[in-house]
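Right, one structure below, let's go through it.
Owing to the predicted nature of the structure, the values given are computational and were not obtained by experimental measurement.
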Amino acid sequence: MQDTGEKPIKYSLQENFPYNDLGDRKFEELLHSLAKGFISTKKFLNIEYDNAVLMSGVNEKGRDIILSSNCKTIAVIQCKKYGKNITMSVFLEELTKFILNYIDDINIIPDINNFKYILAVSKGISNDVQEFISNRAVYSKDDLEKQIKHYSKKIRKKEQKDSIINEIIDIILSLKIESLLPKDLNIYLYAQKDVLHAFFQIEKVIDQSTFEKIINDTELDKDKFIEDYGENVKNNFSRINFFGLALPRKPREVQLYSLFVEPSFEAPNSQVHYKKIQIQESSIDEKEILTNIFKGSGKSQITLEFFEKYEQLMHSLLADDRRFLMDSSKLVDDRKFHFKDIFNDSRNLIILGKPGAGKSSLVKYAMCKLFDRDDYFNNKEIYSRIPIRIELHKYNKYKMQHSSGLVEYITKILEEEFQISYVSKKALDEILKNYSTLIFFDGLDEVLDIQERTQIRHDIENIITLYPNLLSVVTSRYEAYEEVHFNGEFKVVHVLDFNPKQMEEYINKWYSIEEDDENRRQKEIQNCLIELENIEEELKKTPLLLTLILVLYRNELELPTSKLDLYESCTNTLVEVRDDKEKKMNLILKISNKIATFSALANWQYIEQDSKGKTISYEKSCLFIKDYLINKGEFEEDNTAQQAAEEFLEFAKLRSIYVENKFTHKTFLEYFTAYYIFTTTHAKGKIEERDEIISEYIGKSSWTVILELLVCKIDQQQVDFEIIDNLIEKQIQDKDIKSVMFFLQIIKYLRNISPKMTKRIIDISIDILILTYSGNQKNEYKVINAYFIALLKIERYSFYVIERLVDLPNKISDSAIKKLYYQFALENNLEGLKINMKEITECSKEDPLVYILYNFRLIDNDDKYLELLKEFYNTFGEYNTLKTYSPSFSYNFININGRDNFNWIVEYLFFENDLKIFELKVKRLIKIGLHSKLISKSLNGYTSEIGLEKDQLLACLQEEPSEQVKRVILSALKQFYKYKPEKNVGKEPYYKDIFKKNYK
């Protein structure tokens, strides 16, 4: 082997060899040298060969290197030295060219059943190429026909016969194909040092500038990284594997953009615009006042017509001695917003949603939009960030197996999922330090173990602290998040249910993909919308459940009426029902009971992941099914059972139920697990075993849906109350808060629960909420309260609930408990209760929170607010006046501000967007005896967001306010924005230096 010419340098810090610095022919020679070095060892590509021939480059017929054994070709290596990842179009064109040559000359492949086609690349392959190589079973001839016709015509300069096209496709779908990536080449090179040194120069010591280039990744070109990564992100995420479409269509993939319906959100702790704006002089221009209101409401444009429309109203509001303009909450509620505004707040986000609300889909959609650069999001700064998605259940497995952190895991997914192999851990560290990034931490709820979930939370909080330029978004179901709250750096938003308009949009999009015939499509859409009117509201307001409904309607033309019926019907449709086209395939499985097999697999997988934290692989899944089939007596021989297991997993993949060693949606996993428990315990009379399972998991959020489906399945089989009543009594007899919480949540779905047991659950709930309240379990009480109040909206429960609550005060003698009762009633806005007004007035004089809840509704202007504040201060003292209050029962103060806390001072000052009015209000507080030090002190316990932005507060300092107002502003900057002003180094006041620094 001759060593000629200047060789590319490989520095010790670099992870991969610089393959792209080789010439095209040199890259082929490198592969040939490696192949020759491993002759007769079976260590190269796991192929046993005795000769490796490098083709001349002329008329090679799609073969760069030929591997042979006993003079028979057993493999060819096609070398591709490209600066970008090999795309599907490039790959299919090369493959078509090779197969056309084989059809012309069958001697190219003596035995196609004992032959491999190897694609060797210098950089990487796109995700769809990788998926195609590893999983061609999901592709049909229809998927490939158009492309193969195009490439064969391009190669041969004329149309090819259908018989030729069909033959090419058959060979593509059956041919053994493997990829040879840079990470594989690295391993082979280190094993053959002579080849390594013949092609590369190794440098251990480098100069400072080269070192910085490698670390900062500038040598690899950041723009090139963004281009490569963005292309692969859109390739990976712009399509979704979508169960339930026409069953013969494979793969079941659709364009995400063609189906996605923009969700709406709610930020429970954002402003409700309950404003009390003081007007210093009645002569202030009305239009200026209205403009100020709308600035505070997020409106950016006010038309002349709008002013004219409200001119009369404004004059009446500002007439004569009227000095206050009240209640702009009727104009805009900032708590609700559109997807385009999701990044308007610069803080980290927690996105909470129901099962199937489309949390992962919106993450993928957001990432694609960010790389589209189409100005979709209203906050344009977000486009400067590099987005990364981390599936938390996958990260958790990796973390458990390798004891590694997030940075190392991101480098892994960049290489394995996006074929970006040239970003090392050190380079990524520099990217995170020096560039703005956006990491989506997707699926916190899919980390089933609460201790592991808590550790994941720590990892997320720590990486945010370590990299200040990093913005994060965490998605989760509600229940899982309640167990592991994040710190105050995060803003919590909720994905709202579909409204009727979104629902109709989704149905139209779904049918536009599913049905080509326009007339038939419109007819089915209209009939479906009519049928949906009879479906329970809860079942049709998330993308997942709505999809299940559409799948059922498409196949059965009738709809179920409960969640359990919906899951069962959809499962049976996907597993058992075939349309006419698929019946022609005559697909008969060796396994007789597919539902039972899916259920056993789901239960095993759920327990393996939840309790043991184990990784599920194809081999493990196949082994479990094989053992299950043998143990239940369906097969006796290992070989037959193994074949049946492999066939079953292939069937599951084709049906888009179980793909890549997991169920395609968590809902299927939960339903099949519940079904397994039902059929193996309750259905066989093993009541104690059933109750033990319920008792073990009833307090775990990850098992809530499973147990709900299980209890509903048992209820479905009953003809009287006995079984369900006994099951519930067994679980709630000790009045355990988690058991009561569970049954209070699902009671509305049960058909065979007695009125007596219903009342018992309600009575125990009231006992827990009021009579035995403990502040140590505040989150649990809020959950129970939400389920309890929800029963008031259901006619069959509301009468007894109200009756019980109205009668309760007569049975309470303890004054502390009576205060809790009034607090409960006022927090939940239960105006229907016949509250003793005299008694509650007395109670409000003794309890600060009851005073706030009871009296706040009386505020109708600024003077009244200050009057009550002064009375509160005189009654309850300084400590209680400066304190921040939070609800004991509800998630927010419904009748006060719609947020989850209340502070007299913060509420009065910091939800005002007009700086002049803010300064006037500070002076008014000082005038009633609350000096600036007390005002500043009141901010210490307040951890939520405020209405005034940091820049507004800094701008207020620029206007040189009084010393007392200045002190309040600086305290607010420190408390709410962690702002530490620099010491004065010039002649100007230091707050002017602050302003200049932030606005230069």
Side-chain angles (χ1 to χ4, degrees), residues 354 497 531-542 545 549 559-568 694 698 704-705 707-733 735 737-771 781-811 821 824-825 827-835 889-891 894:
K354 295 177 180 178
D497 287 341
E531 290 288 329
L532 279 171
E533 293 177 3
N534 301 318
I535 297 291
E536 187 179 341
E537 287 295 314
E538 183 184 350
L539 296 183
K540 56 188 179 185
K541 290 192 171 182
T542 66
L545 294 181
I549 288 172
L559 296 175
T561 56
S562 73
K563 186 187 292 186
L564 177 64
D565 291 339
L566 178 59
Y567 289 170
E568 281 189 332
I694 295 174
I698 200 167
T704 300
V705 175
L707 296 185
E708 176 188 334
L709 293 170
L710 171 63
V711 174
C712 288
K713 181 69 176 175
I714 296 169
D715 175 66
Q716 186 187 61
Q717 307 292 316
Q718 306 312 308
V719 294
D720 57 27
F721 305 136
E722 182 181 0
I723 299 296
I724 291 298
D725 279 12
N726 289 342
L727 184 154
I728 295 173
E729 182 60 38
K730 174 73 175 177
Q731 302 300 326
I732 68 171
Q733 58 187 352
K735 298 185 179 181
I737 189 169
K738 291 188 180 295
S739 298
V740 175
M741 188 190 307
F742 172 75
F743 286 105
L744 194 63
Q745 176 187 1
I746 72 165
I747 189 174
K748 59 186 176 183
Y749 301 128
L750 301 179
R751 304 165 185 168
N752 295 292
I753 178 174
S754 69
K756 181 180 178 181
M757 180 54 68
T758 300
K759 291 179 179 179
R760 176 156 165 70
I761 293 173
I762 292 171
D763 289 345
I764 293 176
S765 301
I766 292 174
D767 288 348
I768 291 174
L769 278 171
I770 300 171
L771 302 182
Y781 280 95
K782 289 182 177 181
V783 174
I784 285 188
N785 181 76
Y787 294 145
F788 184 81
I789 297 302
L791 293 183
L792 282 169
K793 300 177 182 179
I794 303 174
E795 187 176 348
R796 64 181 184 274
Y797 304 116
S798 59
F799 179 79
Y800 181 73
V801 171
I802 293 172
E803 182 183 57
R804 183 78 170 82
L805 289 174
V806 169
D807 188 49
L808 191 60
N810 301 324
K811 299 180 180 179
Y821 168 78
F824 166 82
E827 277 189 28
N828 288 296
N829 194 26
L830 299 179
E831 297 176 357
L833 301 183
K834 299 175 182 177
I835 298 176
F889 301 98
S890 61
Y891 284 102
I894 300 169

Closest non-hydrogen atom pair, I768 against Y781: O-CE2, 2.8 Å
So, for V801 and L792, which heavy atoms are closest and what is the spacing to 0.1 Å? CG1-CD2, 3.5 Å
Do P755 and F721 have side chains that get closer than 4.5 Å, going by heavy atoms? yes
To the nearest 0.5 Å, how far apart are CZ in F788 and CD in Q745? 15.5 Å
Under the side-chain contact (heavy atoms from CB on, under 4.5 Å) rule, what do L564 and Y749 come out as? Steps first, then yes or no, please. CA-CA 9 Å; L564 177 64; Y749 301 128; over 6 Å; no
On a heavy-atom basis, the closest approach of F743 and Q731 is CE1-CB, 3.6 Å
Heavy-atom side-chain contact between I698 and T704 under 4.5 Å: no
Do you know which two heavy atoms are closest between L808 and I770, and how far apart they sit? CD2-CD1, 3.8 Å
Whether K354 and D497 form a salt bridge (side-chain N of Lys/Arg under 4.0 Å from carboxylate O of Asp/Glu) is what I want to check. yes
Give, for atom CD1 of I762 and atom CE of M757, the distance between the pair rounded to the nearest 0.5 Å. 12.0 Å
CG (L771) and CD1 (I764) are apart, to the nearest 0.5 Å, by 12.0 Å
Would you confirm whether K540, through its side chain, and L532, through its main-chain N or O, come within 3.5 Å as a donor-acceptor pair? yes
Given I723, V740, L750, V711, the one that forms side chain to side chain contact (heavy atoms under 4.5 Å, CB included) with I728: L750
Report the distance from atom CZ of R760 to atom OG of S754, rounding to the nearest 0.5 Å. 11.0 Å
N828-S890 side chain donor-acceptor pair, cut-off 3.5 Å: no
Atom CD1 in I753, atom CG in D725: separation rounded to 0.5 Å? 6.0 Å
In short, Y821 meets L805 closest at the heavy-atom pair OH-O, 2.9 Å
Please indicate whether E795 has more than 12 foreign heavy atoms, meaning atoms of other residues, nucleotides or ligands, lying under 6.0 Å from its CD. no
Electrostatic pair R751-D565, nearest N-O below 4.0 angstrom: yes
With a 4.5 Å limit on heavy-atom distance, are the side chains of L727 and D715 in contact? no
Starting at CD of E827, measure out to NZ of K782 and round the result to the nearest 0.5 Å. 8.0 Å
Does any donor atom in the side chain of N752 or D720 lie under 3.5 Å from an acceptor atom in the other side chain? no
Would F824 and I789 count as a side-chain contact (heavy atoms from CB on, under 4.5 Å) here? Give the steps. CA-CA 11 Å; F824 166 82; I789 297 302; 4.2 Å; yes
Measure from the side-chain N and O atoms of S739 to the backbone N and O of I732, and report whether any donor-acceptor pair falls under 3.5 Å. no
Is there a donor-acceptor pair under 3.5 Å between the side chain of Y797 and the backbone N or O of T758? no
Assess whether a salt bridge exists between D763 and K759, defined as any Lys/Arg side-chain N lying under 4.0 Å from an Asp/Glu carboxylate O. no
Can you see which heavy atom on Y787 is nearest to which on M741, and at what distance? CD1-O, 3.6 Å
